[in-house]
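Following this message is one structure expressed as structure tokens.
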There are 2 protein chains.
Amino acid sequence: MLQKTNFFVYPNITPKDSLFVIQNAVAKQSVLLIAGNCHVNYEGRASSKLDWGERLVMIKSDRSVLIHRSTGYEPVNWQPPGCIIQTELVNGIDLKIRAIRSQPRETLEILFDELSLVTILNLVDKGAFSLYVSEEDIKKSIMLRPSLIEENFRCIIDEKMQPTGFIDIFGVDEKGNPVIVEIKRGTVRKEAVIQLRGYIEPLSKTNPRIRGIIVAPKLGKGIKPLLDSMKLEYKRINAKKCAEILKRSEGSKISDFFTKPKS
Amino acid sequence: MLQKTNFFVYPNITPKDSLFVIQNAVAKQSVLLIAGNCHVNYEGRASSKLDWGERLVMIKSDRSVLIHRSTGYEPVNWQPPGCIIQTELVNGIDLKIRAIRSQPRETLEILFDELSLVTILNLVDKGAFSLYVSEEDIKKSIMLRPSLIEENFRCIIDEKMQPTGFIDIFGVDEKGNPVIVEIKRGTVRKEAVIQLRGYIEPLSKTNPRIRGIIVAPKLGKGIKPLLDSMKLEYKRINAKKCAEILKRSEGSKISDFFTKPKS
DNA sequence: CTATGCATGTCGATA
DNA sequence: TATCGACGTGCATAG
């Protein structure tokens, strides 16, 4: 066992000895890494079985569990934060880790017959994470500076009138035509066009002058003709410009959205 | 440096010394774990910044990159498989890791000013992963909800009439055409198609309107054209949906995986 | 609590 | 390669 200020390494620990180490690490909310030969069963919304093989199991401070194979961005099996972690010695030689989620009821069972490396990390991390432009940011930017849509565009917004998922922005152009703006943070796909069309369609029967504009940083391939055929419009928006506008209006708020201090 | 058959541990390695270790691990397609104090910038579809703090960076065999904080199921920053990994010494004292994805163009930059622990794992893992419900479960689900096959499909089944190995489900579609359903738990292979064809062939002589449908969670590569040529159909079935249907109907045991701890 | 929509979604299959 | 749909999606937010 190697001890350092912020980590402990247990090479080739026996399953029996690992019990205390793991329970202790979970209790102390450390980050636990377990590499070894294991077999995994999951039962819950679906069911899965993972045959024997060497993997890396990560149990984090919030008791989220990730089982990683040697490839793939996604863990092959997992349990979200807050689950119950149980450990048990099976047949006196194997280590069983059970991670149970209550809502929905899901159980994950990991059985190790060999542990190559157990590591405990105590990560001190208070750094703020900030993601620069979200759909909400774009919306705010447009509200702050409607000319981003076009000259003399005005937003007519009653916040209560805007349930999420419905219209992003409702406004009026310089000729007084009503305008429905749909914001996309990424590339405009067919679905977004259909969605906007769905909003415009019923309204255009009472007012044919209504316009629909999709605002996004990028237009997907082949989407332009679709927009044209549906008489909808596209306005490209620049992420950096949004960030600038937000920063200028209320400099302190820019990085407020995603701050999550950790310890 | 501790060496074992399938892992290497480098406690408190200097950024300078880590360069070779990391490059070598990436070249050899090992799984690389780097714990230390770092700062992260991401620029691509969006942009993000993560201030200084201690995290665990995982670079997997397929060059996917995951940056994990002490909490959260999801990595705070990441790069999907296949990206380019570059390492660099900054100011002679800091380690910069750059992970670049080409399509879409995205860059991830991790700057370490301190490495607490670098680990290299060589995970041998040939175990099969299967997300599934049993063939029996699928059959039950379809009996309980025939619309899983298609709208207005009806099962015409006498349980005793169904010797195993013959027809899985016999039914009628909304136009009154007889339908033979073959269920596969896993990926549909050529043999399953041949098998179903074997059932349909003789019957279609007396009734050319008979249909054959293979129900499975997955269609093998190149099987679609084969099905088409034999005028057979494929209906994808979702394991999760089956599990839900079964669970809702009553507590039927979906599986009994964990009776055998080891083989 | 459920319901809804976004995501650097990821991942796979298909044209 | 771009598009499309599914996912144990996860996740936040609204009602």
Side-chain angles (χ1 to χ4, degrees), chain A residues 40-48 50 64-67 71-83 99 101 103-108 129 131-139 159-160 162-166 168 182-192 194-195 217-218 220-223 226 239 257-258 260, chain B residues 40-50 62 64-67 72-83 99 101-108 129 131-133 187 217-225 234 236-244 247 254:
Chain A
V40 185
N41 268 319
Y42 152 78
E43 180 109 13
R45 285 167 291 180
S47 310
S48 77
L50 178 59
S64 47
V65 179
L66 310 171
I67 304 175
T71 62
Y73 160 79
E74 294 179 319
V76 59
N77 279 110
W78 71 93
Q79 206 64 287
C83 66
R101 179 190 194 180
Q103 192 59 298
R105 179 76 179 188
E106 300 193 288
T107 58
L108 183 66
F129 175 70
L131 188 67
Y132 290 133
V133 183
S134 63
E135 185 169 290
E136 194 56 30
D137 293 339
I138 298 174
K139 182 173 173 179
E159 267 301 332
K160 280 154 285 189
Q162 306 280 334
T164 47
F166 191 45
D168 290 316
E182 172 154 339
I183 298 166
K184 285 295 160 201
R185 176 173 159 45
T187 304
V188 177
R189 293 164 174 274
K190 197 165 62 178
E191 301 89 74
I194 307 286
Q195 190 185 359
K218 217 181 150 193
K221 197 154 191 175
I223 298 299
L226 183 64
F257 309 124
F258 294 87
K260 209 185 291 177
Chain B
V40 185
N41 267 317
Y42 153 75
E43 181 105 14
R45 285 166 293 181
S47 310
S48 76
K49 186 179 73 170
L50 179 60
D62 56 2
S64 46
V65 179
L66 310 172
I67 303 174
Y73 159 78
E74 294 180 318
V76 59
N77 280 110
W78 71 91
Q79 205 63 284
C83 66
R101 180 190 192 180
S102 50
Q103 191 64 344
R105 180 74 180 189
E106 299 193 287
T107 58
L108 183 65
F129 175 72
L131 181 69
Y132 68 113
V133 286
T187 304
K218 219 181 150 194
L219 197 59
K221 198 154 191 172
I223 299 299
K224 186 69 171 59
Y234 168 67
R236 183 168 186 264
I237 197 145
N238 184 288
K240 174 187 160 193
K241 198 169 285 180
C242 289
E244 277 170 16
K247 200 159 281 178
I254 289 175

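For the numbers below, each heavy atom of this structure counts, side chains included, while hydrogens, waters and symmetry mates do not. Letters go in sequence order (proteins before strands), and every chain restarts at 1.
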*Starting at atom CD of B/Glu43, determine the distance to atom P of C/dT8, rounded to an integer number of angstrom.*
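Nearest whole value for this atom pair: 14 Å.
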*asked:* Could you tell me how far apart B/Leu66 (CG) and C/dT8 (P) are, to the nearest whole angstrom?
replied: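 Result: 15 Å.
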*Which part of the nucleic acid does B/Gln103 contact within heavy-atom distance under 4.0 Å: base, sugar-phosphate only, or nothing?*
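Result for B/Gln103 = sugar-phosphate.
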*In whole angstroms, how far is the P atom of D/dT9 from the CD atom of A/Gln79?*
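For the pair A/Gln79 CD and D/dT9 P, the rounded distance is 13 Å.
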_Integer-rounded Å distance: D/dG5 P and B/Arg236 CZ_ =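 It is 13 Å, rounded to the nearest whole Å.
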*Does any non-hydrogen side-chain atom of A/Asp168 lie less than 4.5 Å from one of A/Ile138?*
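No - every pair of side-chain heavy atoms lies 4.5 Å or more apart.
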_Is B/Arg45 close enough to C/dC6 that one of its side-chain N or O atoms is under 4.0 Å from OP1 or OP2 there?_
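Checking C/dC6 against B/Arg45, no side-chain N or O comes under 4.0 Å of OP1 or OP2.
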*For B/Ser47, which residues count as a side chain to side chain donor-acceptor pair (under 3.5 Å) partner, sequence neighbours excluded?*
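For B/Ser47, no residue satisfies side chain to side chain donor-acceptor pair (under 3.5 Å) once neighbours in sequence are set aside.
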*asked:* Can you list everything that forms a side chain to side chain donor-acceptor pair (under 3.5 Å) with B/Asn41? Sequence neighbours excluded, please.
replied: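 Not a single residue meets the side chain to side chain donor-acceptor pair (under 3.5 Å) criterion with B/Asn41.
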*Got a sec, which residues hit salt bridge (Lys or Arg N to Asp or Glu O under 4.0 Å) with B/Glu106, two or more places apart in sequence or on another chain?*
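Counting only residues at least two positions away or on another chain, B/Glu106 forms a salt bridge (Lys or Arg N to Asp or Glu O under 4.0 Å) with B/Arg45, B/Arg101.
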Check: protein-nucleotides 11-15 of chain C nitrogen or oxygen pairs below 3.5 Å:
{"residue": "C/dC11", "atom": "OP1", "partner": "A/Tyr73", "partner atom": "N", "Å": "3.2"}
{"residue": "C/dA13", "atom": "OP1", "partner": "B/Lys218", "partner atom": "NZ", "Å": "3.4"}

*Let me know the distance between CD of B/Glu106 and P of C/dA7, rounded to the nearest Å.*
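It works out to 14 Å between those atoms.
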*asked:* Would you measure the distance from the C1' atom in D/dG8 across to the matching atom in C/dT14 and give it in whole Å?
replied: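 After rounding to an integer number of Å, I get 25 Å for this pair.
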*Would you check if the side chain of B/Asp62 reaches a backbone N or O of B/Pro81 as a donor-acceptor pair within less than 3.5 Å?*
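The answer is no, because no donor-acceptor pair under 3.5 Å joins these two groups.
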*asked:* Taking D/dA14 as the reference, what is the distance to C/dT8 when you measure between their C1' atoms (whole Å, please)?
replied: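 My reading of the C1' atoms in C/dT8 and D/dA14 gives 25 Å.
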*Using whole Å, report how far CG of A/Leu50 lies from P of D/dG8.*
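Result: 14 Å.
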*Please tell me which of the listed nucleotides, C/dC6, D/dG8, C/dT8, lies nearest to the side chain of A/Phe129?*
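Looking only at side-chain atoms, A/Phe129 lies closest to C/dT8.
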_Rounded distance (Å) that lies between atom C1' of D/dT9 and atom CZ of A/Arg101_ =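 Answer to the nearest Å: 11 Å.
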*Separation of D/dC11 P from B/Trp78 CH2 (nearest whole Å)*: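 Atom CH2 in B/Trp78 sits about 11 Å away from atom P in D/dC11.
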*Mind checking ring-ring contact (aromatic ring centres under 6.0 Å, His included) for B/Tyr234 and listing every partner two or more places apart, or none if nothing turns up?*
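Not a single residue meets the ring-ring contact (aromatic ring centres under 6.0 Å, His included) criterion with B/Tyr234.
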*asked:* Using the side chain to side chain donor-acceptor pair (under 3.5 Å) criterion, which residues pair with A/Thr107? Sequence neighbours excluded.
replied: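 Residues passing side chain to side chain donor-acceptor pair (under 3.5 Å) with A/Thr107: none at all.
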